[in-house]
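Just so we're clear, the structure is a prediction, and the values are computed from it rather than from any experiment. Each chain gets a letter, A, B and so on, in the order the sequences are listed, and its residues count up from 1.
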There are 2 protein chains.
Amino acid sequence: MATSLAEENYLKIIYRLSENTDQGVSTNAVAELAQTKAASVTDMLQKLAEKGWVIYQKYQGVRLTPSGQKIALSIIRKHRLWEVFLVEKLGYNWDEVHEIAEQLEHIESESLIQKLDEFLGFPDRDPHGDPIPTRDGKMADQIYQPLSEIKEKMDCVLMGVAKDAAVFLQLLTKLDLNLGAKITILEINSFDRSLQIQVNSAAPIFVSHEVAKNILVKA
Amino acid sequence: MATSLAEENYLKIIYRLSENTDQGVSTNAVAELAQTKAASVTDMLQKLAEKGWVIYQKYQGVRLTPSGQKIALSIIRKHRLWEVFLVEKLGYNWDEVHEIAEQLEHIESESLIQKLDEFLGFPDRDPHGDPIPTRDGKMADQIYQPLSEIKEKMDCVLMGVAKDAAVFLQLLTKLDLNLGAKITILEINSFDRSLQIQVNSAAPIFVSHEVAKNILVKA
DNA sequence: ATAAATTTTTAGGTAAGACTAAAAAAATAT
DNA sequence: ATATTTTTTTAGTCTTACCTAAAAATTTAT
Ligand SMILES: [Mn+2]
Ligand SMILES: [Mn+2]
Ligand SMILES: [Mn+2]
Ligand SMILES: [Mn+2]
């Protein structure tokens, strides 16, 4: 069955909110991400349920059915492949591509995404370190951990980010914290949990706990 | 002012119908290309006129204003650049790209189309030989002429097509009539104006007047 | 010049996807 | 256990872009 742009965006949002929990997703949570009102969300959830893409019962929150999940993953696949294209082929920075990919992810053509994947050399992570779902809808787990959970004195490598916001990514770029950067944790301040770290053996810098939470690393 | 997808498509259609005439474009002509009803077209023309993109007076047909023309040309520019991308970079055939470009042409990002243009090496023709409007909205004239207007015994080179339809392009491909093909007109049959031609010095073939009209060549 | 045919516009409706205000249910506090 | 607060749903509108049927204007034929 064909999906409208609005439906695709809702399914993607429900998918994202389901990732960290096995509870149903609340109407308000969806409304916030969709930048719309709860009443509009209720309308849409009823429609998505009729189409068989979500399980929805009044006041019980919503969850994706397998077919709804499949649609969400195909949109995420397209989003991430286009992000790779924008960075690798067109020379964008990682903080500039999300909004454009939000549009490109809705282009409908099986063959297009197939050929794009091939053109890009079948990447398995996007420019933010997020796994790209496969053609048959399997997504690798996020195997990296937040920098905030690494112990003092440890070395690690920046593999991704948990947040796409341009302001955040721009801050990282300014601090030379790019994908692949080598990070050494010199000290964790117990007062505010901020960290003193060394990036690629340069002079030490400070980052807040909030920043460290959104940086994904491998030891 | 922002343009909706429907508005962009209408402006593009009006542009296309205006190319061959300096008369206003009729409601019915627009309706046919838009695959919609005349009543819907009237509605939209009134809206486009309010936004200042067309001059419209009841029963008098419609024509683009300079700002309407500018929008139309920017959509056409995007359409053709994406077609080049699809053929040159992703390996599509020229008969497969139109529908996908119809979607891609509505992606909104100045920088994207700028970078795409650069990535493609600033092409000035699309895979069908059509000129790509420049960034500031100038489009080169179609300098090629229909094969149907070439005299007997003359040599020419296939530079483009006047029709994008997949069935037509597939026929050309089957006949080895690709961009750059060398064509010699052996004979024009006065009965039905069909032509006997030689393509790249291969065995002679026949093409109808209808086909010849839609093949653009340079002598 | 008038009649007939065609084209175009108007009038009135529909579906999608949003909104506000009010009602109902659920969660939290006393 | 009841009252209060918060969340969610319902009811009623709005806008965009489409539709059909009918009316009006224009064009073509006689
Ligand atoms: Mn993104
Ligand atoms: Mn990403
Ligand atoms: Mn095309
Ligand atoms: Mn083309």
Could you tell me if K89(A) sits above the aromatic ring of F119(B), with its cationic atom closer than 6.0 Å to the ring centre and no more than 45 degrees from the axis? no

Are OP1 or OP2 of dT26(D) and a side-chain N or O of K58(B) less than 4.0 angstrom apart?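 For K58(B), the contact criterion (side-chain N or O under 4.0 Å from OP1 or OP2 of dT26(D)) is not met.
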
Does Y56(B) put a side-chain nitrogen or oxygen below 4.0 Å from OP1 or OP2 of dT9(C)?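 For Y56(B), the contact criterion (side-chain N or O under 4.0 Å from OP1 or OP2 of dT9(C)) is met.
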
Atom CD of Q57(A) to atom P of dA25(C): distance rounded to whole Å? 15 Å

Whole angstroms only, please: what is the OH-P distance between Y59(A) and dA25(C)? 6 Å

Over 12 non-hydrogen atoms of neighbours within 6.0 angstrom of CD in Q142(A): yes

Neighbours of DNA chain C within residues 20-44 of chain B, by heavy-atom distance under 4.0 Å: S26(B), T27(B), N28(B), A38(B), A39(B), T42(B)

Scan side-chain atoms only and decide if H79(B) and H98(B) contain a donor-acceptor pair under the 3.5 Å cut-off.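 There is such a pair between these side chains.
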
Determine whether the side chains of W94(A) and T173(A) contain a donor N or O and an acceptor N or O closer than 3.5 Å.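 Looking only at side-chain atoms, T173(A) and W94(A) do form a donor-acceptor pair, the distance falling under 3.5 Å.
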
How many angstroms lie between CZ in R16(B) and CG in L33(B), if you round to the nearest 0.5 Å? 5.0 Å

Nearest 0.5 Å, please: how far is CG in L172(A) from CD1 in I215(A)?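 Spacing of CD1 (I215(A)) from CG (L172(A)) equals 5.0 Å.
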
Taking all non-hydrogen atoms of both residues into account, name the closest pair between D164(A) and E83(A) and its distance.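 That would be OD2-OE2, 4.1 Å.
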
Is the distance between the ring centroids of F85(B) and F85(A) under 6.0 Å?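 Centroid separation for F85(B) and F85(A): below 6.0 Å.
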
Scan residues 1-19 of chain B against DNA chain D and write down, sorted by residue number, each residue with any heavy atom closer than 4.0 Å; if none is found, say none.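 Correct list: S4(B), A6(B), Y10(B).
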
5' priority, DNA chain C, between L45(B) and Q60(A) [closest heavy atom]: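 So the residue in question is L45(B).
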
